[in-house]
Amino acid sequence: MANGTVVSAAVEGIVDEAVVRTVIAHAGAVAGDVYGKQGKEYLRQKIAGYNNAARRSPWIVLVDLDREQECPPPLLNAWLAQPAPNLCFRVAVREVEAWLMADVERLAAFLRVARNTIPANPEGLDDPKTAMVNLARSSKRMAIREDMTPRPGSGRQVGPAYSSRLIEFVSSFWRPDVAAMRSDSLRRAIDCLRRLTVAQ
Amino acid sequence: MPMDVGKAPVGFSHIQLKNWKNFAACEVELANRVFLVGPNAAGKSNFLDAFRFVRDLASAGGGFQEAIRRRGGVSAIRSLAARRYPDIELRVLVRAPQSSWRWEYHVGFNQDKQRRARITQEKVVRNGETVLERPNEDDKQDPDRLTQTHLEQVNVNRAFRELVSFFESIRYLHIVPQLVREPDRSVGRPNDPFGGDFLEQIAKTREQARVARLKKIRDALRVAVPQLTEIELWRDERGTPHLRGKYEHWRPQGAWQTEEQFSDGTLRLMGLLWVTMEGGGPLLLEEPELSLHPEIVRFLPQMFARVQRRTGRQIVLSTHSPDLLRDEGIGLDEVLLLRPGAEGTEVKPANAFEEIRDLLEGGLTLADAVIPKTRPDKASQLTLFADL
């Protein structure tokens, strides 16, 4: 399926990097260099540069919608008025964690939680990251709970090895095609990448 | 003496320093993972040295006089911010897995008119009960006794030998790749923090454990050095141990290289992975990010966290690296900011700064919020150096 099209990417963080690499491979392309990984604001500042590079080669830029807007189009317009034809500028609704929750079966097995505790409509969640942490909190495995949920007093939203656990999940278990059935923003991202891959 | 499971100390929970090097007075809680950040010469290494000092007191070949001598004497230890000649004091609280158990060790010292180091107080409290308090009657009868702590004396430390073993188990590591490659240049003492006996340590490990650990290191290193496919211990004709690795290559069989040809980054990462796999007492690390690619550094905090979940080992490290601090799993109570002032360096956890919490809530990374607070005041003047 892979036709060797190399797609560069820019993302917010290290979990997003694992996600975008998996999605690119799923769309039949090869992940190239992955840029950013220093938060959302960093991407906002550099978006013109990525867009400029996308005039010559295929790119995907993935950002979380968070609570910045009600839906993706206003964010896309506000960030970049004229995207280059080779750029997939995609927004995860509302956070990339929602994409992971959309593969209910695999996530339940990985976190060792009951399937019916995983939200059926992940894109409807106001704060998917907190929802993910809460799922981990109910895990039957102590290692998952300790890695993913914050200690009292840490002042952080996530546990000490939250990201590396999610990266492990994404790289070994997560199925983008299954997840796309419950997540429209993921489905659109895959479609866009497929168009890029075919166009090359 | 058999140790009670659950009561033997495992990590420091609190430290208080008075007139210790850069610290005129400081008192902080310690998490199981601690990140020390601050400008150059703020005292990050001197903070770590307080733990090494208690290790020196308790360890064979150490003791109070030796610990002072290694540091250049009492006056070299005393804070410049100290008024006149007050005592230097260290107090640590040590926790045990059974949460109700606590140990406390407190030592104060000064020097006499002949500039000899003298203990002015020493105290051990075990779970609320004072088991040692000096100076006692014997010390008053024979003041020369105050040239040694009771930690270092087997015949008097029986009641708190678990604490002594804990202090002895502290490990400091600051691998210098040149010394790993040329151990002759190091002082050759065991547990050389600079890696001079790193190969010897690997060679001494039981074969089964060694093979298993090297395999784990190889798997972990694949991320950083994908060409490296095998690592093993190998002895040359003189019996000297070497590490060698097989690199995948354009040659069909690949090629073996020994530690002499490994890059600085590969060696430092190997050393780091090796010590984190050893169980044991608190691990003190000096700038683990050195010579490593930023993309590797970003994953160090998560790697430490996952290793700690298995071993329970406390890790205290100093860092200048924004890549390391960008990790969103680092607790604000795990980061200690060292900020120099007229009255010595002040130490505060990141959660003591309201603006840090606000900045994080507003979407900044911990690195963005913390690094500006630790920046040297006049860094930009360095550029003027060229015109001096």
Side-chain angles (χ1 to χ4, degrees), chain A residues 11-18 21 33-45 63-68 94-97 127 129-130 132-133 136 139 141-169 171-172, chain B residues 13 29-35 99 220 223 293-312 315 321-335 349-371:
Chain A
V11 294
E12 292 185 25
I14 51 181
V15 177
D16 311 81
E17 173 178 11
R21 283 183 184 278
D33 298 322
V34 180
Y35 293 75
K37 295 182 273 181
Q38 300 190 31
K40 190 175 186 177
E41 285 314 304
Y42 184 87
L43 288 188
R44 202 198 298 263
Q45 288 162 21
V63 297
D64 287 345
L65 176 62
D66 299 318
R67 279 163 293 265
E68 192 174 326
R94 294 190 177 256
E95 282 168 315
V96 82
E97 275 84 352
D127 184 353
K129 190 177 242 177
T130 301
M132 182 69 88
V133 172
S139 171
R141 279 189 66 198
M142 192 163 85
I144 292 280
R145 297 197 301 271
E146 288 189 359
D147 281 351
M148 294 181 69
T149 58
R151 281 173 304 101
S154 85
R156 303 306 296 269
Q157 199 186 352
V158 300
Y162 174 84
S163 312
S164 63
R165 281 288 179 188
L166 288 190
I167 291 168
E168 193 184 327
F169 171 66
S171 343
S172 308
Chain B
S13 60
E29 302 292 320
L30 299 165
N32 203 34
R33 194 175 55 158
V34 179
F35 300 86
S99 56
V223 186
H293 191 282
E295 291 278 319
I296 300 293
V297 174
R298 283 202 74 163
F299 288 93
L300 291 180
Q302 304 252 333
M303 181 196 79
F304 291 141
R306 291 180 75 154
V307 168
Q308 285 183 305
R309 176 169 43 72
R310 301 171 74 97
T311 65
I315 298 178
S321 166
D323 298 293
L324 193 145
L325 292 172
R326 206 160 277 135
D327 189 275
E328 41 175 357
I330 297 177
L332 300 185
D333 53 349
E334 294 181 304
V335 178
N351 59 7
F353 297 85
E354 268 177 18
E355 63 271 33
I356 291 183
R357 282 181 285 172
D358 292 343
L359 290 167
L360 292 178
E361 250 172 55
L364 269 71
T365 69
L366 184 60
D368 297 332
V370 163
I371 298 281

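To find a chain, count down the sequence lines: A is the first, B the second, and so on, and within it residues start at 1.
- Look at A:Glu17 and A:Arg21 and you find a salt bridge, because one of the NZ, NE, NH1 or NH2 atoms lies within 4.0 Å of a carboxylate O, short of that distance.
- Interface remark: A:Gln38 contributes backbone and side-chain atoms alike to the contact with chain B (heavy atom separation under 4.5 Å).
- Within the 4.5 angstrom heavy-atom criterion, no atom of B:Phe304 approaches chain A.
- When A:Glu41, A:Lys37, A:Met148 are compared by the number of non-hydrogen pairs under 4.5 Å with chain B, A:Lys37 comes out ahead.
- Only the side chain of B:Arg326 comes within contact range of chain A, judged by heavy atoms closer than 4.5 Å.
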(request) Would you sort out whether A:Asp16 and A:Asp64 count as a side chain to side chain contact (heavy atoms under 4.5 Å, CB included), showing the intermediate values? (result) CA-CA 9 Å; A:Asp16 311 81; A:Asp64 287 345; 4.1 Å; yes
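- In this structure, the portion of B:Asn351 lying under 4.5 Å from any heavy atom of chain A is its side chain and not its backbone.
- For B:Asp327, the parts sitting under 4.5 Å from any heavy atom of chain A are the backbone and the side chain alike.
- Among A:Ser163, A:Gly13, A:Gly155, the residue making the largest number of heavy-atom pairs under 4.5 Å with chain B is A:Ser163.
- Proximity to chain B (any heavy atom under 4.5 Å) is shown, for A:Glu12, by neither the backbone nor the side chain.
- No donor-acceptor contact under 3.5 angstrom links the side chains of B:Glu334 and A:Ser154, judged on distance only.
- For B:Glu295, the part sitting under 4.5 Å from any heavy atom of chain A is the side chain, from C-beta outward, and nothing else.
- In this structure the side chain of A:Lys129 reaches within 4.5 angstrom of the side chain of A:Tyr162, judged on heavy atoms.
- When all heavy atoms are compared, the tightest approach of B:Leu324 to B:Ile330 is O-CD1, 3.5 Å.
- Side-chain contact check for A:Glu95 versus A:Asp127: some heavy-atom pair is nearer than 4.5 Å.
- A 4.5 Å side-chain heavy-atom check between B:Leu332 and B:Leu360 finds at least one atom pair inside the cut-off.
- Residue B:Arg310: no heavy atom, backbone or side chain, is found under 4.5 Å from chain A.
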